[in-house]
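Written out below as structure tokens is the structure these notes cover.
The figures that follow rest on heavy atoms only: side chains count, while hydrogens, waters and symmetry mates do not. Sequence lines set the chain letters: A, B, ... in the order given, protein chains first and strands last, and positions in each chain run from 1.
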Amino acid sequence: MKIAVCAKQIPDPAISVTYTDGKIVRPDEQVLDDTDRYGIEVALQLKEKYDAEVTVISMGKLGTQKGIQQALQMGADKALVIEDPALENSNSLMTSNILSGMAKLAQADVVIFGTESSDGYSGVVPQQVSRYLGLPCISYVKGIDISEETELTRQTIAGSEKVIMPNKCVISVTASGVEPRYPNFKDIMAAKSKEVEIVELSSLEFTAEQNQEFVEIKSISSNKSGEKHIDEGDSFNLIIERLKEIKAI
Amino acid sequence: MKSLIIGEVSNGTLSSGTLEIITKAQENNLDFKLVVIGTENNPKIGSDTFEVIYVHLSPDELSLSSAADTLVDAIKTDSIELVLASSTYVGRDISGFLSVDLNSSPVANVINFEINGSTLTTTNSIDGGESEYFTNVTSDVKILIIRPKSFEASDVTLSENYTTSSVEKNDLTVNVFDVFIEEKTGPQLEDSKIVISAGRGMVDVGNLKYIEELAGKLNAAIGGTRAIVDAGWMPYSQQVGQTGKTVKPDVYIACGISGATQHQVGMKDSKYIIAINKDEEAPIFQIADLGIVGDTLNIIPKLIENL
Ligand SMILES: Cc1cc2nc3c(=O)[nH]c(=O)nc-3n(C[C@H](O)[C@H](O)[C@H](O)COP(=O)(O)OP(=O)(O)OC[C@H]3O[C@@H](n4cnc5c(N)ncnc54)[C@H](O)[C@@H]3O)c2cc1C
Ligand SMILES: Nc1ncnc2c1ncn2[C@@H]1O[C@H](COP(=O)(O)O)[C@@H](O)[C@H]1O
């Protein structure tokens, strides 16, 4: 079995995002999107069971490739990456079109995603890739049980439901259910010698187009002039008073 | 603009997200048709003023991709220019599938849109709601995925007047062998007037009993941050924020919540926000109407006692 797991490099989430001309400013050093750790963990559990090969797939500014290394350190075997000026500020369809092409290059049977990226959060890339590849889409997976067969539990609006993982499919994984592993020193050292292949845009079939024109960013002064009190043991009174004033009680 | 709304069913009627989109569509005099996707039998989702089609799916299989095939046909046949869906599991899945066939990338997390002639401008909320991001959508077919609570829910009268269609199993259909329905008791997050949410500052899962007691006294619904949902203190259905629910109650009480932007997007439009946090610098205080700097474990029990 061959598995491709999509992972995105994003600006350090501890630092607030800035924009120029509507585009997120991306520093050279970007990190692995935390939400992708869950997908990588699922890929690695499948690797252990099926002796599968796991390829990390990533699109975007490569920079120092710190995020790619982080994905490899967790235990993926190799990476396929792409960066091209034509892909800057891609919409979700352009992204999924490219990722589908790369999944094909990796000859992936199973393609795994996070549910939504921390900086783009369109949350539709996995579904789009499944459509491009003509594979069943098991979205919002929040649990995996690898016994005889591999059972996937999906989050639904009413609760959850279980399916048997098809041999070929696309999976998106929510941020719960599995516990992403932390690499140890040996894993970190081993990652350095893993293959990172840079893919050329010309080698992929690329039909999606930009369909969003940036207009402007407006800041809405949300400076609420709320009141703040240090609790001295009686602030429950204040809360009750305010709840009465606004007729909540 | 000829439009198609992708609706969903909840408890035998239209979901709140669907009703919210209908409000906006009617305000803008859109020429729309409603296609509802669901697994319930005989829901009351029809209308005498607009056309409603029910795509009835089996709960025993994942067949949204064949539902998408049907929708693509309808969109092409009717020369639909605008597709509106809710930011839900079903809404995102369906929009993702459609977008490939229509070669039109969806605009996600839309909180508002405006139509001027043939120009459609969308608004997204960014920076945890501190800025708004505007774009024009240029594709022939425009697909928008709308965040819940962006508009008021419509009070349109619903009837039995709709046509039902089913979808055929295709190669991509996956069988579901087990369905679990989470029991829902007490006031629900989406429509409760008071919401009390807990964060990691409640310190221990055992202390959630205070939140439950307080909620009981105030007839409030209970929410939580992703941090505590991930920790297994609460089911995912109670998560408030970017990847959880959006709430807009009259009162939101944040107990031991730092106020990360991803949490704020889900609650900042609440009418009155009370925050209790022991860190004076916690970002939640920037959006609180009443901020109390102190220990939740001291304050909440006293509050319960004195209510
Ligand atoms: C893509 C993505 C999506 C996300 N989606 C969501 C989402 O939908 N919803 C969500 O909530 N988060 C979401 N997050 C996570 C978010 O960034 C924060 O990590 C999370 O909201 C923090 O939860 P918290 O406030 O409970 O915990 P913390 O940030 O750890 O805050 C705990 C707070 O409690 C205070 N505290 C501690 N002890 C006490 C005490 N005894 N009394 C009073 N105060 C105390 C501390 O001062 C601190 O401010 C998302 C993150 C990403 C990357
Ligand atoms: N540029 C990218 N490179 C690799 N994976 C991506 C990229 N963008 C999105 N993804 C994957 O698609 C998922 C959903 O992303 P999004 O649609 O941006 O919310 C993410 O969790 C990633 O797994």
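Of all the listed residues (B/Glu280, B/Gln262, B/Gln242), the one sharing the greatest number of non-hydrogen pairs under 4.5 Å with chain A is B/Gln242. Contacts with chain B were tallied for A/Val129, A/Ile239, A/Thr156, A/Asp234; A/Ile239 has the most, counting heavy-atom pairs under 4.5 Å. Of the listed residues (A/Arg242, A/Glu179, A/Glu213, A/Glu209), the one with the most heavy-atom contacts under 4.5 Å to chain B is A/Glu213. Between chain B and the residues A/Gly134, A/Ala175, A/Ala208, A/Ala248, the largest count of heavy-atom pairs under 4.5 Å involves A/Ala175. Highest contact tally toward chain A, considering only B/Thr122, B/Thr243, B/Thr88, B/Ile274, is held by B/Thr243 [criterion: heavy-atom pairs under 4.5 Å]. Most heavy-atom pairs under 4.5 Å with chain A: of the set B/Asn298, B/Val107, B/Asn170, this distinction falls to B/Val107. With chain A as partner, the option from B/Ser125, B/Ser131, B/Ser15 having the largest number of non-hydrogen pairs under 4.5 angstrom is B/Ser131. Among A/Val124, A/Val163, A/Asn91, A/Val125, the residue making the largest number of heavy-atom pairs under 4.5 Å with chain B is A/Val163. Chain B forms the most heavy-atom pairs under 4.5 Å with one residue out of A/Asn237, A/Leu135, A/Thr174, and that residue is A/Leu135. Taking A/Arg131, A/Gln127, A/Glu116 one by one and counting their heavy-atom pairs under 4.5 Å with chain B, the maximum is reached by A/Arg131. Contacts with chain A were tallied for B/Val90, B/Asp171, B/Asn103, B/Ile273; B/Asn103 has the most, counting heavy-atom pairs under 4.5 Å. Between chain A and the options B/Glu8, B/Glu132, B/Arg226, B/Lys278, the largest number of non-hydrogen pairs under 4.5 Å is found for B/Glu132.
For A/Asn89, the CG atom sits in a packed shell: over 12 heavy atoms of surrounding residues, nucleotides or ligands are nearer than 6.0 Å. The number of heavy-atom neighbours closer than 6.0 Å to CD of A/Glu232, taken from other residues, nucleotides and ligands shown, is 12 or below. Within 6.0 Å of CG in B/Asn175 there are more than 12 heavy atoms belonging to other residues, nucleotides or ligands.
To the nearest 0.5 Å, atom NZ of residue A/Lys168 and atom CG of residue B/Leu172 are 13.0 Å apart. Rounding to the nearest 0.5 Å gives a distance of 8.5 Å between OG1 of A/Thr115 and OH of B/Tyr89. With rounding to the nearest 0.5 Å, the separation of CG in A/Leu238 from CD1 in B/Ile292 is 5.0 Å. To the nearest 0.5 Å, the span separating CD on A/Glu241 from CG on B/Leu290 amounts to 10.0 Å. Between A/Ser235 atom OG and B/Leu303 atom CG the span is 9.0 Å, to the nearest 0.5 Å. Rounding to the nearest 0.5 angstrom, the gap separating the CZ atom in A/Phe236 from the CD1 atom in B/Ile304 is 12.5 Å.
Annotation: cation-pi geometry satisfied between A/Lys218 and B/Phe134 (NZ/CZ under 6.0 angstrom from ring centroid, within 45° of ring axis).
Contact annotation for A/Tyr140: only side-chain heavy atoms (C-beta onward) come within less than 4.5 Å of a heavy atom of chain B. A/Ile230 touches chain B through backbone and side chain together, each having a heavy atom under 4.5 Å away. When heavy atoms are compared at a cutoff of 4.5 Å, B/Tyr272 approaches chain A solely by way of its side chain, counted from C-beta outward. Of the atoms belonging to B/Leu98, not a single heavy atom falls under 4.5 Å from chain A. Looking at B/Ala231, there are no atoms closer than 4.5 Å to chain A (heavy atoms on both sides), in backbone or side chain. Within the 4.5 angstrom heavy-atom criterion, no atom of A/Ser172 approaches chain B. With a threshold of 4.5 angstrom between heavy atoms, B/Ile276 approaches chain A through side-chain atoms but not through N, CA, C or O. Neither the backbone nor the side chain of A/Ser16 has a heavy atom closer than 4.5 Å to any heavy atom of chain B. Both the backbone and the side chain of B/Leu307 come within less than 4.5 Å of a heavy atom of chain A. Heavy atoms of B/Val179 lying under 4.5 Å from chain A belong to its backbone as well as its side chain. If you measure heavy-atom distances from B/Lys193 to chain A, you find no contacts under 4.5 Å at all. Of the atoms belonging to A/Glu151, it is side-chain heavy atoms, and not backbone ones, that fall under 4.5 Å from chain B. The part of B/Leu218 that comes within reach of chain A is its side chain, from C-beta onward, which places non-hydrogen atoms under 4.5 angstrom from that chain. Contacts of A/Leu243 with chain B are made by side-chain atoms alone, with heavy-atom separations under 4.5 Å and no backbone atom involved. Heavy-atom distances place no part of A/Thr153 under 4.5 Å from chain B, backbone and side chain included. At a 4.5 Å heavy-atom cutoff, the contact between B/Asp69 and chain A is made by backbone and side-chain atoms alike.
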Problem - Pair B/Ser105-A/Asn211, side-chain hydrogen bond (donor to acceptor under 3.5 Å, both in side chains): steps then yes or no - result: CA-CA 7 Å; B/Ser105 194; A/Asn211 68 338; 4.5 Å; no

inquiry  = Checking B/Asn306 against A/Ile240 for the side-chain contact (heavy atoms from CB on, under 4.5 Å) test, could you report, in this order, the C-alpha distance in whole Å, the side-chain angles of both residues, the deciding distance, and whether it holds?
reply    = CA-CA 8 Å; B/Asn306 290 281; A/Ile240 294 171; 3.8 Å; yes

*Can you list the steps and then say if A/Lys142 with B/Asp230 is a salt bridge (Lys or Arg N to Asp or Glu O under 4.0 Å)?*
CA-CA 11 Å; A/Lys142 64 162 192 174; B/Asp230 283 355; over 6 Å; no

request  = Might you work through the salt bridge (Lys or Arg N to Asp or Glu O under 4.0 Å) test for B/Asp289 and A/Lys228, ending with a clear yes or no?
outcome  = CA-CA 8 Å; B/Asp289 296 277; A/Lys228 191 150 87 180; over 6 Å; no

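Of all heavy-atom pairs between A/Gly22 and B/Tyr133, the closest is O-OH, 2.5 Å. Of all the heavy atoms in A/Ser122 and B/Arg92, the pair that sits closest is O-NE, 4.0 Å.
Here the side chains of A/Pro166 and B/Val174 are in contact, with some heavy-atom distance below 4.5 Å. B/Asp250 has its side chain out of reach of A/Ile246: every pair of non-hydrogen atoms, C-beta onward, lies at least 4.5 Å apart. At least one side-chain heavy atom of B/Tyr236 sits less than 4.5 Å from a side-chain heavy atom of A/Gln155. Side-chain contact between A/Ser92 and B/Ser99 is absent, with no heavy atoms from C-beta onward closer than 4.5 Å. Side chains of B/Val293 and A/Asp231 form no contact here, defined as non-hydrogen atoms less than 4.5 Å apart.
At a threshold of 4.0 Å, the pair B/Asp60-A/Lys162 does not count as salt-bridged, since none of the basic side-chain nitrogens sits closer than that to a carboxylate oxygen.
Counted by atom type alone, A/Gln212 and B/Thr138 present zero donor-acceptor pairs between their side chains at under 3.5 Å.
Proximity of a side-chain donor or acceptor of B/Asn109 to a complementary backbone N or O of A/Tyr121 within less than 3.5 Å is detected.
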